Amino acid sequence: MSDLEFGAFYFDGRSSRAHPVRVRFDGRRLRVAGEGVSLEPLIEHCRVNPPLGQARRVIRLPEEGRLETDDRQAVERLEARLGLNRGLTWVHRLEAHWKLVVACMVGLVLFSWAFVRWGLPFLAAQAAFATPVAVTEPISQQALKVLDERFLEPSKLPPARRRELEAAFARVARDVGGGYSYRLEFRSSPKLGPNAFALPSGVIVFTDDLVHLAQDDRELVGVMAHEVGHVIHRHSLRQLYQGLGVFLMISILVGDVTSVTSLGASLPAVLVNNGYSRDFELEADRTAGTYLLRHYGTTKPLQNVLHRLTQAHDTSLPDLLSTHPATPERMERLRRMEEGEGSGKR
């Protein structure tokens, strides 16, 4: 291997005087020679500083001396021989070409957008379906506790009426399935009006106003099937994980139950303020529509209650059943579902 030689300035570390020198690397030592300067330090006692913009390259010598050179190529060859600063040299070259920097920035923006659009939902779904049903119990308990404290009050429905609806819900839960410990809860909520919530463990909350709004129990059955659809497709967990970030999913996958149960306090805000995404609502509608067609031969009960919910809610209030997508689109899809699957038991 031939010697490497380049010009530089030598600083002794005691004064600011720059000594012009020639530097030769023989594979073992740096031989520095100039007027009044003669040094031969071993290369292992020297340090090649990483490149910094267009500044001179710096080689640190023993006893606080240093070499500075404008011959960047020579120092890069030295680094290549020694296997030094490989990654940082690449970064330096990148920084020196602004077009590459702009391209990298554009690439980063596109990657970030794609990750939020597709990557994060995919990871959220994987984490949600990897979450054991047993872990969803404390999440749901904590979420219901927060909902009771902030938004809900005890139900004023007569016990007989609640038992009727619980029996209907048991039939829906048994038919749709999913292996959850389903339970129907009733609450009053002047703040939220007619509404329903599906918690991850299979707890479904109906407000009294929703019960009063329905003109037919089949409408409430449609809402029940819709909310059970949210449970079996893990929509609340997926929405929660997407909203709060990937690090929460990691807590699930590594079994950090303490962190997981604390997510229950965040779930009400996700449900009440954001509702479900367009795809989640349509997926839950398909579950409900399939149930209604199987048992009643029509999806009209769910269409009717969706239409009535839209009229009942002030647009400034959250509505888990009439947001994302718009109610007319959901009703149209339910109508097409009915037309496509034909008639059944009425």
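Note that the coordinates shown come from a computational prediction; the quantities given were computed from them, not determined experimentally.
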Backbone N or O of [Y] within a donor-acceptor pair of the [X] side chain at under 3.5 Å?
{"X": "Ser38", "Y": "Gly34", "result": "no"}
{"X": "Ser140", "Y": "Ser201", "result": "yes"}
{"X": "Asp175", "Y": "Arg171", "result": "no"}
{"X": "Ser188", "Y": "Pro154", "result": "no"}

Is the closest basic N to carboxylate O distance between [X] and [Y] below 4.0 Å?
{"X": "Arg336", "Y": "Glu339", "answer": "no"}
{"X": "Glu68", "Y": "Arg57", "answer": "no"}
{"X": "Arg161", "Y": "Asp217", "answer": "yes"}
{"X": "Arg278", "Y": "Glu329", "answer": "yes"}
{"X": "Arg24", "Y": "Glu40", "answer": "no"}
{"X": "Arg31", "Y": "Glu5", "answer": "no"}

- Where does the angle between the aromatic ring planes of Phe186 and Phe206 fall among parallel (under 30°), tilted (30 to 60°) and perpendicular (over 60°)?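 Perpendicular.
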Could you state whether [X] and [Y] fall into the same hydrophobic cluster, counting links through intermediate Ile, Leu, Val, Met, Phe, Trp or Tyr residues with side-chain heavy atoms under 4.5 angstrom apart?
{"X": "Phe25", "Y": "Phe9", "answer": "no"}
{"X": "Val48", "Y": "Leu30", "answer": "yes"}
{"X": "Val23", "Y": "Phe11", "answer": "no"}

For Asp208 versus Ser155, what's the shortest heavy-atom pair and its separation?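 Reported closest heavy-atom pair: OD1-OG, 2.7 Å.
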- Message: With rounding to the nearest 0.5 angstrom, report the CZ to NZ distance, Arg187 to Lys156.
- Response: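 Nearest 0.5 Å value for the CZ-NZ distance: 11.5 Å.
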### Task
Report the distance from atom CG of Leu67 to atom CD1 of Ile59, rounding to the nearest 0.5 Å.
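CD1 of Ile59 is found 5.5 Å from CG of Leu67.
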### Query
Out of Thr310, Asn304, Leu302, which residue meets the side-chain contact (heavy atoms from CB on, under 4.5 Å) rule with Leu306?
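Answer to the side-chain contact (heavy atoms from CB on, under 4.5 Å) test with Leu306 among Thr310, Asn304, Leu302: Leu302.
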